[in-house]
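These notes concern the structure reproduced below.
Reminder, nothing fancy here: chain letters follow the sequence lines and each chain counts from 1. None of the values given here were measured: they were computed from a predicted structure.
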Protein chains: 2
Amino acid sequence: MADRTQFGLSAIDSVPLHEKVYLELVRALMSGQFTPGQKLTSRKLAKELGTSDMPVRSAFMRLQALRALSPMPNGSVEVPVISADRFSQLTAVRTILEGSATELATKRINGNNLRAIRRHSSELTLAAREGDIDDYLRKNYAFKFSIYRHCGNEQMIFLIETVWMQVGPFLRNLAMGFEDDLSSILDIDYHEEVVAAIEAQDAARARAAIVRDIDEGAAHILRQARFPGARG
Amino acid sequence: MADRTQFGLSAIDSVPLHEKVYLELVRALMSGQFTPGQKLTSRKLAKELGTSDMPVRSAFMRLQALRALSPMPNGSVEVPVISADRFSQLTAVRTILEGSATELATKRINGNNLRAIRRHSSELTLAAREGDIDDYLRKNYAFKFSIYRHCGNEQMIFLIETVWMQVGPFLRNLAMGFEDDLSSILDIDYHEEVVAAIEAQDAARARAAIVRDIDEGAAHILRQARFPGARG
DNA sequence: TCTGCAATATCGCGATCACAAATCTTGACC
DNA sequence: GGTCAAGATTTGTGATCGCGATATTGCAGA
């Protein structure tokens, strides 16, 4: 953050290189910058980033521990190819975890938190109307986690994040079928219902709304997207 | 696995060193071989294992990505010190995930699977009567995962394993209060009720039994064990 | 005995090198 | 033109080295 010192100097950032590489890869993965199935090699990536391959290897280790990168038999890593089956499993886990988190959060949210959530909600609606899929996904992430953050269980948030790291890249396929008019994506988007339920302090309804949002989004992806193994 | 070849030679195992180190650390962590708060340095561990520090660093990266090791501000890692708060959060997540997994598994288990589960169950009962806490924990792990394995959702199993890596070391504290007579641990152990519910194909009851088993075990630990920050 | 401080040892981090296995390229031969 | 094997290149893996920062130790003075 380069804070100003009394001498007007900025602080040297001591963030390790492997950490920067890791964060950069997470960003790239979640924003769908890599193609599923793409092979990543430490040396090439290192050259591209201007580092040695050591920090890249560290980042690879962390990412494949979280299943955000898939290990290949020979030790290489690749961007995971998600099958329809695995996608369904991840969706099922999401409904369980995110449904529970929403339910818990609803009971703990107060006025201040609610205002921030409302802001994220309207920004999400706006993004859908504007038609930028990247912006929509970013706002979708911000909105949902602005709720989960209040579930009072840091461990649960961590697990949800790991699942998002796996599905995240694939959510881009939500765009398919909405190329002409992204705003109609709001037909399968229940985030305003979620906000309404939270305002009414109705935890069960909030959970149901989030689950429905996740399930219908996933169903749409399963209809539209091409999965490996399926005939093209 | 050192398969026999046609010349009677055993295959050179090509498992990378960093993988072996990782597996060794997982085993040591889950069996409570390390003290919470203990600092682990790559160089020392490498010397002890007879390798360079590179494979150890790789293993550290993976383990701290999964939160099985805690990163220190200077980049070192330590065996996580679990607070009462974090323990409660992990328990809450466990009831959600393992409850769901049990419910799903109950609907998919057939006669063959059931026989294996029954065997694990009786071995667990036996271990409690024999009074060896290590054996009991090992059998407890084997029994529960023999159920979860059939939930049909590989992703869920992975998440459960992640959570177990964090609580695993701490479950040893279950022994506290049962030093004289481990068999009385069966009073807060509902694994036979779980088996009965599965046999009856009653998914809801199976979930309730697992949740109760987890909750009462955790409650016992919270009563008996010493947590950092608590007066003691 | 306790406290401050300097000398020393240890450690994380990243670069570089060596080696073997895997992968790709090339070109001769059928 | 297609096949396959030899050679070249790339890649994972692990060891070693150096740098800077941190932690530890040892000692002197109060």
Side-chain angles (χ1 to χ4, degrees), chain A residues 1-3 5 7 9-26 28 34-35 37-81, chain B residues 1-3 5 9-26 34-35 37-81:
Chain A
M1 293 303 173
D3 283 318
T5 71
F7 300 111
L9 304 173
S10 30
I12 310 288
D13 80 330
S14 66
V15 180
L17 256 186
H18 67 80
E19 180 75 21
K20 291 187 194 169
V21 175
Y22 172 78
L23 293 175
E24 179 64 19
L25 285 178
V26 169
F34 294 132
T35 330
Q38 182 176 355
K39 241 190 333 188
L40 298 181
T41 72
S42 57
R43 295 230 243 257
K44 274 184 188 157
L45 207 52
K47 187 178 285 184
E48 188 167 327
L49 296 171
T51 73
S52 89
D53 58 344
M54 279 268 317
V56 180
R57 279 153 70 178
S58 293
F60 280 2
M61 281 294 166
R62 288 170 68 178
L63 287 167
Q64 71 173 285
L66 296 171
R67 302 200 170 184
L69 287 179
S70 304
M72 308 263 295
N74 65 353
S76 303
V77 298
E78 70 172 25
V79 183
V81 220
Chain B
M1 294 300 174
D3 284 318
T5 71
L9 305 173
S10 29
I12 308 289
D13 75 334
S14 66
V15 179
L17 256 187
H18 65 81
E19 179 76 20
K20 290 186 194 170
V21 175
Y22 171 78
L23 293 174
E24 180 64 18
L25 285 177
V26 169
F34 294 132
T35 330
Q38 182 176 356
K39 245 193 323 195
L40 298 181
T41 71
S42 57
R43 297 235 244 255
K44 273 184 190 158
L45 207 53
K47 188 178 287 183
E48 189 168 327
L49 296 172
T51 73
S52 89
D53 58 343
M54 279 269 318
V56 180
R57 280 152 70 180
S58 293
F60 279 2
M61 281 294 166
R62 287 170 67 178
L63 286 167
Q64 72 173 285
L66 296 171
R67 300 200 170 184
L69 287 179
S70 305
M72 309 263 296
N74 65 354
S76 303
V77 298
E78 70 172 24
V79 183
V81 222

Can you give the donor-acceptor pairs under 3.5 Å from side chains of residues 42-52 of chain A to other protein atoms, not counting sequence neighbours?
{"unit_1": "A/Ser52", "atom_1": "OG", "unit_2": "A/Met54", "atom_2": "N", "d": "3.2"}

(Q) Can you pull out the residues from residues 51-70 of chain B that lie within a 4.0 Å heavy-atom distance of DNA chain C? (A)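 Close to the strand are B/Arg57.
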Q. Near DNA chain C, under 4.0 Å by heavy atom, which residues of residues 41-48 of chain B?
A.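 DNA chain C contact set from residues 41-48 of chain B: B/Thr41, B/Ser42, B/Arg43, B/Lys44.
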Q. Taking C-beta and beyond as the side chain, do A/Val26 and A/Leu63 meet within less than 4.5 Å on heavy atoms?
A.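 A/Val26 reaches A/Leu63 side chain to side chain.
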Q: Flag the pair B/Phe60 / B/Val21 as yes when at least one side-chain heavy-atom distance between them is below 4.5 Å, and no otherwise.
A: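 No, too far: nothing below the 4.5 Å cut-off.
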Show every donor-acceptor pair shorter than 3.5 Å between a side-chain atom in residues 69-80 of chain A and any protein atom, with sequence neighbours excluded, or say none if there are none.
{"unit_1": "A/Asn74", "atom_1": "OD1", "unit_2": "A/Ser76", "atom_2": "N", "d": "3.0"}
{"unit_1": "A/Asn74", "atom_1": "OD1", "unit_2": "A/Ser76", "atom_2": "OG", "d": "3.2"}

Q) How many Å lie between CG on B/Leu49 and C1' on D/dA15, as a whole number? A)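 B/Leu49 atom CG is separated from D/dA15 atom C1' by 15 Å.
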Q: Please state how far atom CE in B/Met72 lies from atom P in D/dT22, giving the value in whole angstrom units.
A: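 After rounding, the reported distance stands at 13 Å.
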Q. To the nearest 0.5 Å, how far apart are CG in B/Leu66 and CE in B/Met61?
A.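 B/Leu66 atom CG to B/Met61 atom CE measures 13.0 Å (nearest 0.5 Å).
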Q: Any pair with a residue in residues 61-75 of chain B that passes salt bridge (Lys or Arg N to Asp or Glu O under 4.0 Å), sequence neighbours left out, goes on the list, sorted by first then second residue, please.
A: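 Every pair satisfying salt bridge (Lys or Arg N to Asp or Glu O under 4.0 Å) with a residue in residues 61-75 of chain B: A/Glu154-B/Arg67, B/Glu19-B/Arg62.
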Q: Between A/Asn74 and A/Glu19, just flag the one whose closest nucleotide in DNA chain C comes earlier from the 5' side.
A: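 First, find each residue's nearest nucleotide; the 5'-ward one identifies A/Glu19.
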Q. Along DNA chain C, 5' to 3', what are the outermost nucleotides having an atom less than 4.0 Å from a heavy atom of chain B?
A.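 Footprint of chain B along DNA chain C, 5' to 3': C/dC11 to C/dG14.
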